[in-house]
Amino acid sequence: MEPLYKPEGVEERWQRTWEAEGCFRAGAGARRDETFVICVPPPNVTGALHLGHALNGSIQDVLVRWHRMRGFDTLWQPGYDHAGISTQNVVEKQLVREGTSRKELGREAFVERVWSHLEETGRTIMGQYRRLGASLDYERERFTMDDDYIEAVMRFFVHLWERGWIYRANRIVNWCPFHETAISDLEVVHEEMDDALTYAVYPFADGPLPDGVAGITVATVRPATMLADVAVAVHPDDERYRAAVGRDVLVPVVGRHVPVVADERVDPEFGTGALKITPGHDPTDFEIGRDHDLPVLTVLAPDGRLNAEAGELAGLRQEAADERVLAWLRVHGRLERRESYRHAVSTCERCHTRIEPLVSLQWWCAMEEPRQPALQALRERRVRYHPESQHQFAMRSLEEIPDWNISRQLWWGHQLPLWSCPDGHVTCVWPPPETCAECGSGVLERDPDVLDTWFSSALWPYATLGWPRETPELARYYPGDVNSTAREIIRLWENRMIWTGLELLGDVPFTDVIIHSTILAPDGRRMSKSLGTGLDPLEMIDRHGADATRYGLLKMSSTQDVRFAEGMIEEGRKLANKLWNVARLLLATEATPEARPTAVEERWMLARLDTVRAEVEARWSAFDFSPSVQALYHLTFDDFCDWYAEAIKPRLRAGDADAAATALAALERLVALLHPVLPHVTEEIWSQFHETRLVLSPWPEPDERYAADAAALTRVHEAAAIFRRSGVAVELGSEDERRIFAAVVRPERAKANGNAAAELERLRQEIARAERMLDNERFVANAKPEVVEAEREKLARYRRELDALSS
RNA sequence: GGGCGCAUAGCUCAGCGGGAGAGCGCUCGCUUCACACGCGAGAGGUCCCUGGUUCAAUCCCAGGUGCGCCCACCA
């Protein structure tokens, strides 16, 4: 064993060995009947993993390795998501760079192109998980476009159809002109943008009002949509427009007569208080138009250009059309003014193209019924989000959940299992039908739309286990236990897995959802590739090792948002190196591990190991990782290395067989406790004195035999602290205590550079403080008894120390 | 506009009713036979501000200030 632990080589060797020996397979090493199941949130097949994935993988792997050691039949399910629009976006942009387009390629060739693109990226992702040491059951890798998985998606759709929850409706949707598809509200991001607000005059059709007012001024950021205006609306209580309501005004350019209507949804404070109504291109206008029986006009085509309705402006891009309308307004004296205007604009989360609200015929899934059992499950805490604030958010989201637009006008994804005959009958079955279910026509055309990518993700926990087939895996591993993910995905994924699981299998897919922190760039900005603030986890692994990276990420996992700090990963590297070196020291004895403690420091060490075992178990049960790795760090550095190893060194050198055997037993426990966090270095150390694999070895059993001895060493700890501060050796009661003191402090070598006077002063102040509190009757009467007792003990201790120092 | 969260040492963060902590950085001293990715000793803090509750507040409550995230159809 070399003096410096070098993770490169060691880590990859163990990653290969573990996998080759089947240590990660579902059920490997199981010693009890209970199962523990996590499915990895399937990463988008397009991208490489980022630090968030690495953090999430570390969290899950700690839980999985811990349960596997405890003997659970453990399954950690890997896989990836076809990520419909994201993937299509990536490939389309490649095509643009190559000077072609998906339309030129045609649907079939395009989909083939996507598949060939996926081959490499899929391998990259699983390679990254392997480098992190993630103990996924790699042989069970699943993809949402596997044949079996497609089967599950189709069955699910047909199920919803038979339930009567699928319907088709013409509604305003978010339309992405680049991808030429509808997207859901959840796929829209809002971006602040500088824009111009155009104030245009709509003159009254039959001349000015009696008071001489010639028209109504409205404000808009998209002048081109005027062509589809069907009314002007004002607030019913707005005195300014009382006389105007019921009259007609003239729409600019097209000269259409449209009515002035009164509606409470108009904000009289904004702009001029008058709102042009364009039901075809604005969600609010759509509702107002519907309630006033106004027609719906559309001037924008799916590609973002103006359509035939726009007359001579047809075929222009919207920006160009805006300019033409503006010019018309200027020429005709209808432009009142323009002002700059900064506001939030909806954009496509994938391509950041400005979203056009568009009336469009889409398929929807009604949510009123299916959400109810999920909401109930959350209320009853049959599924629990951690932390609690996210549970509240998840419940609110289910309460407010709108119907789900599930159709996308994309080519990459699961095509809807819907066929129509020439008579317009729609057949929904799977496998594909031969004839129309209603009229028997053999001429059927499949709906070209594909499903929202989250539609298939929603089935992940059970479709990966074989559903809808009744497989043994499904029976054994459903429902699972834990799901871990980032905040932004609660509504997109977590809640949907819960309601689909309840609907199809009658049970929630997991009992706990961990919402982990977001790792920000060191400057506090969001980590993202486009900002150049992204960080590749592999870079950290190359520099410090996978164990160190896992440690650092877990340490950063506690609060909501943490700035990335490489120092925490370095801390992990030092921990691994420290552990390695203390193992070097102890393994040099070549003893057989067996706990036969003869001295107080040995019983104390075993007691400490058990205390930290209990603490770590409590932390991990509560999904609280940062304090757990902190406890393990101090256990290793302070307790194990600085105290225990130093205390027994003289005996090891003297060839004490009991001390050596006990030391290795203690080391066994230490590396077992550390294994879920630092799997590689612990496995490497374990292999130095075991034929077995630590990954499948039992987690340490509770052992309270030595708890009473923990206190004895506390006296030595304090004596050492005083000695180091003051240079004064406090008298110790027992031979044991004096021996340990000498071994750890090594007074013959440590030059006392402390200050006895300062130490005396410190003790006097502490004594005065404790006396003040104990003299306070209200404190003694109201404080918890153990707090008062602790204060008495402190006072007594300080007095003892003062006496010892003074003499 | 709505919701949530955060302000603690130079930096990144733990702690959260009774002694202000860690890692890194900094200063000083150590070629101590596991480890210089180490060992020992230190310096460094009105725990954001103002009130309130309490015998006792960094911690609980209210208000303020600053910052972050999520959500949102004000044209």
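This structure is a prediction, so every number in the text was calculated from the model and none was measured. Every chain is numbered from 1, with letters handed out A, B, ... down the list of sequences.
- Between A:R491 atom CZ and B:C69 atom C1' the separation is 14 Å, expressed in whole Å.
- OP1 or OP2 of B:A75 has not a single side-chain nitrogen or oxygen of A:Y199 nearer than 4.0 Å.
- A straight line from CE of A:M568 to P of B:U12 spans 10 Å, rounded to a whole angstrom.
- Rounded to a whole angstrom, the distance from the C1' atom of B:G21 to that of B:U65 is 27 Å.
- For A:R778, the listed nucleotide lying nearest its side chain is B:C55; candidates were B:A34, B:G38, B:C55.
- Checked by atom type, the side-chain pair A:D229/A:T278 shows a donor-acceptor distance below 3.5 Å.
- For the pair A:R491 and A:E400, the salt-bridge criterion is not met [side-chain N within less than 4.0 Å of a carboxylate O].
- Between A:K649 and A:E646 a salt bridge is recorded (basic side-chain N to carboxylate O distance below 4.0 Å).
- Nucleotide B:C13: paired with B:G21 (Watson-Crick or G-U wobble, both distances less than 3.5 Å).
- A:K649 has a side-chain polar atom (N or O) that falls below the 4.0 Å cut-off from OP1 or OP2 of B:A34.
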Any N/O pairs under 3.5 Å between the protein and nucleotides 2-5 of chain B? List them or say none.
from, atom 1, to, atom 2, distance (Å)
B:G3, O2', A:R396, NH2, 3.0

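- Side-chain proximity of A:R563 to the nucleotides B:C37, B:U12, B:A75 is greatest for B:U12.
- With the nearest nucleotide of RNA chain B identified for both A:R584 and A:K276, A:R584 has the one nearer the 5' end.
- Atom pair A:D285:CG and B:C74:P shows a separation of 13 Å (rounding to whole Å applied).
- Listed by chain and residue number, A:E539, A:E566 satisfy the salt bridge (Lys or Arg N to Asp or Glu O under 4.0 Å) test with A:R543 (two or more places apart in sequence, or in another chain).
- With respect to A:K578 and A:E571, no salt bridge is recorded, no charged nitrogen being found less than 4.0 Å from a carboxylate O.
- Using a 4.0 Å cut-off, some side-chain N or O of A:K578 falls inside it from OP1 or OP2 of B:C39.
- Side chain of A:L275, nearest nucleotide from B:A75, B:A72, B:C39: B:A75.
- Residues A:R573 and A:V266 both approach RNA chain B. Their nearest nucleotides, taken by heavy-atom distance, put A:R573 toward the 5′ side.
- Electrostatic pairing of A:K574 and A:E570 does not count as a salt bridge here, judged by no charged N lying under 4.0 Å from a carboxylate O.
- Of all non-hydrogen atoms in A:E356 and A:L300, the two that sit nearest each other are OE1-CD1, 3.8 Å.
- A:D322 places a side-chain N or O within donor-acceptor distance of the main-chain N or O of A:A224, the cut-off being under 3.5 Å.
- A:K6 has no side-chain polar atom (N or O) that falls below the 4.0 Å cut-off from OP1 or OP2 of B:C37.
- The distance from atom CG of A:N581 to atom P of B:A36 is 7 Å, rounded to the nearest whole Å.
- The base of B:C70 is not paired with the side chain of A:R487 by any donor and acceptor separated by under 3.5 Å.
- Of the candidates B:G40, B:C35, B:A75, B:A75 carries the atom nearest the A:T220 side chain, counting heavy atoms from C-beta on.
- Side chain A:E2 to base B:A34: no donor-acceptor pair is found below 3.5 Å.
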